[in-house]
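The sequence lines fix the lettering, A, B, ..., with proteins before strands; numbering per chain opens at 1.
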2 protein chains.
Amino acid sequence: MVSGISLKELAAELNLAPSTVSRALNDSYEISAVTKKRVLSMAEKLNYHPNPFARSLRENKSKTIAVIIPERINTFFAQVIDGIETITQEHGYHLLVYCTHEDVEKEKKIVSLLLNGRADAIVMSVSSQTSDICHLQRLHDRGLPILFFDRICSEIPTTKFITNDYQITLEATRHLIQQGSKRPAFLMLSEDISITKERHRGFLAALKEARIEHNPIFSKVCCQNETTNVEILRELLNGPNKPDGILASVEKLALACYQAAKKENVRIPEDLKIISFSNMGIAGLLNPSLTTISQPACSIGEECAKILIKKLTKPNQPDLPNEVVILPSKITIRASTLAE
Amino acid sequence: MVSGISLKELAAELNLAPSTVSRALNDSYEISAVTKKRVLSMAEKLNYHPNPFARSLRENKSKTIAVIIPERINTFFAQVIDGIETITQEHGYHLLVYCTHEDVEKEKKIVSLLLNGRADAIVMSVSSQTSDICHLQRLHDRGLPILFFDRICSEIPTTKFITNDYQITLEATRHLIQQGSKRPAFLMLSEDISITKERHRGFLAALKEARIEHNPIFSKVCCQNETTNVEILRELLNGPNKPDGILASVEKLALACYQAAKKENVRIPEDLKIISFSNMGIAGLLNPSLTTISQPACSIGEECAKILIKKLTKPNQPDLPNEVVILPSKITIRASTLAE
DNA sequence: TATAAATTCGAAAACGTTTGCGTATTTTCT
DNA sequence: AGAAAATACGCAAACGTTTTCGAATTTATA
């Protein structure tokens, strides 16, 4: 009983042909106003709901968009999805959400699930492990509109949304230096992904600008595991040549840094100043409050969705243009980077 | 070109009937091993992927589960979905995720979208505004398996997953009192939803046990708006009869409380002790670190998924039993409730 | 060796839509 | 009034699967 009445049965009830009922429900010009009324009210009365799969099969589209993110417990990604949803929902689209947990193998599996047309398009941010991208290439080759944000894949010619990673990291590092940091360090999850490269470039540019010689071991690649990261950072903070400033390219590394500093009795910001990419609403409530670079996550989601909706709903749309759209981030200065 | 080759075309390529190919792909006993090999390898070669909508139409099931939550930017809900996904993904199910933003009207719209069988089942946590539940009743009447967690709807006879709200709040309040709070207050989002009632009951029981007379204005109903909540709490913390302890039934109210305390120069924990339901990983990094009641979110998600998968995959399963499954929460004591 | 049984496959219907085309009726025009 | 055009609707095919039923071939049994 889970599937209700069908269009055929509705038509039988009305003594009309299924084609007529279909057209009436779709408000076709070929159907008279009176018949439309009749059909509509009977449909209402019998609680008719069109079967989405029959429709998808016939029309070869699913009214569904897939979203793939590396982690769910992350304010940034949650905000992006919120942004996507606000737009797509207005147009009757549904969201399939998948999480890779930063695991490229899981990413491949998920992507292969989408080769069959279950979704009309894909919005994604690749995992930090993703360097080989042939699974993404296959998606694109198949003609499926795919759109990247934040962790983009530059090899695929499509639209990508990012923030001004280079510029904002440059400014953030300047701030760090200006507040007294002589030996800033850069924390990252992986050397491969797009944003890390750009952010690292901005970081190095600021050092060069300030004529600070960069110690390569201060460009630290961390991992997925929380406790391991804390260990790595304890070691870093305790080394013979300790950094006195941290730029964390992702939120979780800043938090690991807080943990490590606590255990090593390193005072923030006195001994160590920290600034981090993060969209946490409660950065201001941390101890000490965390200076952040926050991305316009919601806007990113909305812009992604808008461009996608346009592509999917207007007829004869060209492929998504191969361009990188940049939405600027914002630095919010808090206690963690304040000079003494 | 987005949709690849069809089963028919694949069959033609093999000089076989579509039915044979279908059976071969589904590993039917009626097909010889050699033919299976032939079919499989040709399918691989031609990159065949079965059309999910044709299959859904034929089999009357979508291999899709809908998840409805009140907010995405919330560690608890994110963890629950992670838990659900780990189980459902193993069985080839996809997740449609919807967010109501605590808006019952949006909840109704989303629910009505699911009346057409797009999803095989629903896992949800109702919005804080939800008191009239006839939209949920309609879903259940239609025979769609529906399953609640955390914010449950007791009127619908199905399985619900919650934590030991009463007991754990009782213990949490005891802790608050034991640490010296003479006038504890209880913060909630709505009086209507299930968890609030249970948690409030546990709170009051602890007061009674300690022979503390409860001032009704200390049972504070807050709202969705962050800044309004901060105002409400500033007023509360500044009133003639101020509370010296807070039990926040949801995370966001504890955070608003931190904000309010900051602005009113109320010291935590000296002047005000705070304990809150929260699954934030960084509760320990707040200033001061926050004592939390954390729910087994991931387990809740997994258990939801397991029971659902069983119902959906085994033949002739009975309806989901009308019972409430309780998974215990855990109190983690931190600085925000420490006695001086 | 004749027959029963097992094995392997094909033809066709069905799931619930949408849509191209045909047709009957009504309206409009000359 | 007759022809042309507009209106309103029905028939049937198609989308890509799965599955029932039947049939053909091969193997085993008596």
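Ring-plane geometry between A:Phe149 and A:Phe76 is classed as tilted, the angle between the planes lying from 30 to 60 degrees on a 0 to 90 degree scale.
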Assess the residue pair B:Leu308 and B:Asp120 against the criterion (side-chain contact (heavy atoms from CB on, under 4.5 Å)); give the C-alpha distance rounded to whole Å, side-chain angles, the decisive distance to 0.1 Å, and a yes or no. CA-CA 10 Å; B:Leu308 220 45; B:Asp120 292 339; over 6 Å; no
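The distance between atom OH of A:Tyr29 and atom P of D:dA6, rounded to the nearest whole Å, is 11 Å. Nucleotide C:dG16 holds its P atom 16 Å from the NZ atom of B:Lys61, rounded to whole Å. One can place NZ of B:Lys63 at 22 Å from P of D:dG16, the figure rounded to the nearest angstrom. Taking atom CG on A:Asp27 and atom P on D:dA8, their separation rounds to 13 Å, with Å as the unit. Atom CD1 in B:Ile31 sits about 8 Å away from atom P in C:dT8, given to the nearest Å. We find that CG of A:Asn51 is positioned 8 Å from C1' of C:dT17, with the value rounded to whole Å. In this structure, A:Lys36 atom NZ and D:dA8 atom P are separated by 9 Å, rounded to whole Å.
Residue contacts for A:Thr35: at a heavy-atom cut-off of 4.0 Å it reaches the sugar-phosphate backbone alone, with no base atom in range.
None of B:Ile65, B:Val67, B:Thr64 except one satisfies the side chain to side chain contact (heavy atoms under 4.5 Å, CB included) rule with B:Thr88; the exception is B:Ile65. Each of A:Gln129, A:His101, A:His135 was scored for a side chain to side chain contact (heavy atoms under 4.5 Å, CB included) with A:Glu107, with one residue passing: A:His135.
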Interface polar pairs with nucleotides 18-21 of chain D, N/O, under 3.5 angstrom:
residue	atom	partner	partner atom	Å
D:dT18	OP1	B:Asn26	ND2	3.4
D:dT18	OP1	B:Arg55	NE	3.0
D:dT18	OP1	B:Arg55	NH2	3.1
D:dT18	OP2	B:Ser22	OG	2.6
D:dT18	O2	B:Arg58	NH1	2.1
D:dT19	O4'	B:Arg58	NH2	2.9
D:dT20	O4	B:Arg23	NH1	3.2
D:dT20	O4	B:Arg23	NH2	3.2

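At D:dC15, none of the side-chain N or O atoms of B:Ser6 fall inside 4.0 Å of OP1 or OP2 (strictly under the cut-off).
Remark: the backbone N or O of A:Val126 is paired with a side-chain donor or acceptor of A:Arg151 at under 3.5 angstrom. Proximity of a side-chain donor or acceptor of A:Glu102 to a complementary backbone N or O of A:Gln224 within less than 3.5 Å is not detected. Listed for the B:Ser62 side chain is a donor-acceptor partner under 3.5 Å among the backbone atoms of B:Arg118.
Taking the nucleotide of DNA chain C with the nearest heavy atom to each of B:Leu57 and B:Ala33, the more 5' of the two is matched to B:Ala33.
Within a heavy-atom distance below 4.0 Å of DNA chain D, the residues of residues 8-16 of chain B found are B:Lys8.
From B:Ile122, atom CD1 reaches atom SG of B:Cys304 across 13.0 Å, with rounding to the nearest 0.5 Å.
For A:Lys108, the NZ atom counts as densely surrounded, since its 6.0 Å shell holds more than 12 non-hydrogen atoms of other residues, nucleotides or ligands.
Residues A:Val80 and A:Ile69 fail the side-chain proximity criterion, which asks for heavy atoms closer than 4.5 Å. Side chains of B:Thr20 and B:Ile31 form a contact here, defined as non-hydrogen atoms less than 4.5 Å apart.
With axes fitted over five pairs at each extremity, the angle between the ends of the helix from C:dT1-D:dA30 to C:dT30-D:dA1 is 40° (10° resolution).
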